[in-house]
Amino acid sequence: MARVVELDSGSGVSDVRLSLDSIRESLIRQEDTIVFSLIERAKFPLNSSAFEESRCLDSGISSSLTEFLVREIEILQAKVGKYDNPEENPFFLENIPHSVFPTHKYPPVLHPKALSVNINKRIWDVYFKEMLPLFVKPGDDGNYPSTAASDLACLQAISRRIHYGKFVAEVKFRDAPQDYEPAIRAKDTEALMKLLTFEKVEEMVKKRVQKKAETFGQEVKCGVSGDDEKNYKVDPLIVSRIYGEWLIPLTKVVEVEYLLRRLD
Ligand SMILES: C=C(O[C@@H]1C=C(C(=O)O)C=C[C@H]1O)C(=O)O
């Protein structure tokens, strides 16, 4: 999480300070997790049977193996307090089970009426229908449990990054409420999108993730000289495209959704 400085003014109300720089630092660190999770997932072929609907033998309920795994893991993770962290957003939990252990008290950074923004249904669809076929090989090797575990790692890393847009929006709003308030009151999503967009930052993000995919995902060769051809576990241009077409735009969707509720 971005470094948050909590000051007690003596009135009992905490004044939580966060900066756009520290938020961006966290997004940069999250890129490592995302790039590594894509590289790990690319070990397996598409294995679409894992995420296509089938009948669960136990309950008779229609679900994919991957959905079943994610639902069960989310319940377990909720019980150890994962969703007490405002950075984490579940895919399926409607009623989040209480943690069975005492949990950390996270400083209240986000606006209470806006913190429930959750676009995980859209992320789920986009991930399986559009992103995944781009960076894994076609085919089916039957290794569904490991494939589903890898998909879960990708989905959670991507969801965390996209929903981090709530923190980005909060800090941008606090830095310039006079600019944001009229657009929020007018529900002018286009104006909000314009206010929160920094094209230069987006270009840098796309270049940096490409470089990270080149660095983290290159085949390491020893003792072979004169062979300069580099092979990558995931095509670095595809990683950059995944950011440009989905991760950045969806982060901005979360930013706008959050801002629309910021004055409620
Ligand atoms: C996240 C931010 O907001 C927007 C979204 C970006 C992103 O998703 O990487 C980058 C720049 C902005 O257009 C930011 O300003 O850092």
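Atoms within a ligand are numbered from 1 in the order they appear, just like the ligands themselves. When a residue number appears, it is its place in the shown sequence, counting from 1.
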(request) Looking only at protein heavy atoms, identify the closest one to atom 11 (C) of ligand 1 and say how far it is in Å. (result) Glu202 CG, 3.5 Å
If we count only N and O atoms by modelled type, under 3.5 Å, do the side chains of [X] and [Y] hold a donor and an acceptor together?
X	Y	answer
Ser99	Asp84	no
Gln77	Gln156	yes
Glu255	Thr251	no
Lys166	Asn89	yes

(request) Sequence neighbours left out, what passes side chain to side chain donor-acceptor pair (under 3.5 Å) with Asp175? Give chain and number order. (result)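 Partners of Asp175 by the side chain to side chain donor-acceptor pair (under 3.5 Å) criterion come out as none, since no residue qualifies.
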Please could you name the atoms of ligand 1 that [X] approaches to less than 4.0 Å, counting only its heavy atoms?
X	value
Arg161	7 (C), 8 (O), 9 (O)
Leu196	3 (O), 4 (C), 12 (C), 13 (O)
Thr197	13 (O)
Thr251	8 (O)
Arg24	14 (C), 15 (O), 16 (O)

(request) Tell me, please: is Glu255 in heavy-atom contact with ligand 1, that is, under 4.0 Å? (result)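 Heavy atoms of Glu255 do come under 4.0 Å of ligand 1.
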(request) Not counting sequence neighbours, list each pair that qualifies as a side chain to side chain donor-acceptor pair (under 3.5 Å) and has a residue in residues 195-206. (result) Thr197-Lys252, Glu202-Lys252, Glu203-Lys206
(request) Please determine if Phe198 has a nitrogen or oxygen closer than 3.5 Å to a nitrogen or oxygen of ligand 1. (result) yes
(request) Compare Met193, Lys252, Lys172, Glu31 and give the one whose heavy atom is closest to atom 3 (O) of ligand 1. (result)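 The option holding the nearest heavy atom is Lys172.
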(request) Could you please spell out the steps behind the ring-ring contact (aromatic ring centres under 6.0 Å, His included) verdict for Phe51 and Trp124? (result) CA-CA 11 Å; Phe51 53 89; Trp124 182 278; 8.7 Å; no
